[in-house]
Amino acid sequence: MKPKPVALLLIVYCAFIVGCSSRTEVLPADTWSEGCVELAPYQNGYRLNGMCCSYILMPTLRIDRNQTFTVKASYYTFNGAGFIDIPTNVRGELSPNRRTLTLRYTVNGSTTTHTLEPGRARMYCLCGCD
């Protein structure tokens, strides 16, 4: 039995659409850093830590064709008795040469930006969380 031209065209079209997905893994390196701040794989996503008394948990990061992504994340901050979870959105942008990853997020009306480069943090910052 010969495949019908319409069915064959549909199969080729579906293969093309699946193969040309607009989202791929975002990070050309596993770990990124800026000063004390480090973005590294953690469980099934990423953890941004090295900030005094706070850290951010993010899901797997995927980039669009514009080299950007936005994910729902959890910002954890120490309130004196323990860590509390504040929902936030993290927006990321990978530079055209893929050597700089800029992350932006807003918590309590204050926007923070980190410009990260590939590699582990080269500094360790000691903070007191009271």
Side-chain angles (χ1 to χ4, degrees):
M1 179 177 193
K2 265 183 150 176
K4 301 207 183 258
V6 173
L8 187 57
L9 182 61
L10 184 60
I11 291 169
V12 169
Y13 177 74
C14 289
F16 176 76
I17 294 299
V18 170
C20 293
S21 176
S22 66
R23 302 172 86 71
T24 59
E25 262 323 295
V26 67
L27 303 178
D30 278 343
T31 305
W32 296 75
S33 66
E34 170 196 49
C36 303
V37 176
E38 182 176 276
L39 177 70
Y42 181 77
Q43 295 177 348
N44 291 327
Y46 286 87
R47 180 176 173 153
L48 183 68
N49 61 5
M51 302 153 322
C52 285
C53 306
S54 62
Y55 62 93
I56 296 177
L57 294 181
M58 294 176 261
T60 299
L61 305 176
R62 300 211 179 265
I63 193 167
D64 62 23
R65 289 186 177 150
N66 296 323
Q67 300 294 298
T68 63
F69 64 87
T70 302
V71 294
K72 293 182 186 295
S74 295
Y75 178 88
Y76 291 89
T77 187
F78 191 74
N79 69 356
F83 283 89
I84 59 169
D85 175 6
I86 301 171
T88 189
N89 290 321
V90 175
R91 178 166 168 70
E93 182 176 349
L94 191 60
S95 65
N97 66 3
R98 301 175 61 86
R99 299 295 298 162
T100 304
L101 177 64
T102 303
L103 300 180
R104 289 182 185 83
Y105 56 91
T106 301
V107 175
N108 296 329
S110 178
T111 300
T112 302
T113 301
H114 297 287
T115 304
L116 310 170
E117 295 181 351
R120 297 195 56 99
R122 295 185 184 99
M123 297 172 56
Y124 179 77
C125 298
L126 185 59
C127 305
C129 300
D130 299 342

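Please read all numbers here as calculations on a predicted model, not as lab measurements. FYI, the numbering just counts along the sequence from 1.
Residue Arg91 holds its CZ atom at 11.5 Å from OG1 of Thr113, rounded to the nearest 0.5 Å. Here the straight-line distance linking atom SG of Cys36 with atom OH of Tyr124 works out to 9.5 Å at 0.5 Å rounding. How far CD of Gln43 is from OG1 of Thr60: 11.5 Å, rounded to the nearest 0.5 Å. Expressed to the nearest 0.5 Å, how far CZ of Arg62 lies from OG1 of Thr70 amounts to 15.0 Å. Of the inter-residue distances, the one linking Arg99 atom CZ with Glu117 atom CD reads 7.5 Å to the nearest 0.5 angstrom. One finds the OG1 atom of Thr112 at 11.5 Å from the CZ atom of Arg104 (value rounded to the nearest 0.5 Å).
Considering Phe83, Tyr46, Tyr42 as possible partners of Tyr55, the one that fulfils the ring pair (Phe, Tyr, Trp, His ring centres under 6.0 Å) test is Phe83.
Side-chain contact between Ser33 and Arg120: absent, with no pair of heavy atoms (C-beta onward) separated by less than 4.5 Å. For the pair Leu39/His114, no side-chain contact is recorded, criterion being any heavy-atom separation below 4.5 Å from C-beta on. Taking 4.5 Å as the limit, some side-chain heavy atom of Tyr105 sits within range of a side-chain heavy atom of Leu48. The shortest distance between side-chain heavy atoms of Phe69 and Leu103 falls below 4.5 Å. Asn89 is listed as a side-chain neighbour of Lys72, based on a closest heavy-atom distance under 4.5 Å.
Using modelled atom types, one side-chain atom of Thr88 and one backbone atom of Thr106 make a donor-acceptor pair closer than 3.5 Å. Judged purely by atom type and a 3.5 angstrom limit, Asn66 has no side-chain atom pairing as donor or acceptor with the backbone of Thr68. Listed for the Thr31 side chain is no donor-acceptor partner under 3.5 Å among the backbone atoms of Pro41. Judged by distance alone, the side chain of Glu38 and the main-chain N or O of Ala121 form a donor-acceptor pair under 3.5 Å.
Looking only at atom types and distance, the side chain of Asn97 has a donor-acceptor partner in the side chain of Ser95 under 3.5 Å away.
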Criterion disulfide bond (SG atoms under 2.5 Å apart) on Cys52 and Cys127, from CA distance to verdict: CA-CA 5 Å; Cys52 285; Cys127 305; 1.8 Å; yes
- prompt: Is there a side chain to side chain contact (heavy atoms under 4.5 Å, CB included) between Val71 and Leu61 once you walk through the steps?
  reply: CA-CA 7 Å; Val71 294; Leu61 305 176; 4.0 Å; yes
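In the hydrophobic clustering of ILVMFWY residues, with side-chain heavy atoms under 4.5 Å counting as a link, Ile86 and Met58 come out together.
Residues Gly128 and Cys53 approach most closely at O-SG, 3.6 Å, considering heavy atoms. Nearest heavy atom pair, residue Ala73 against residue Ile56, reads CB-CG2, 3.7 Å.
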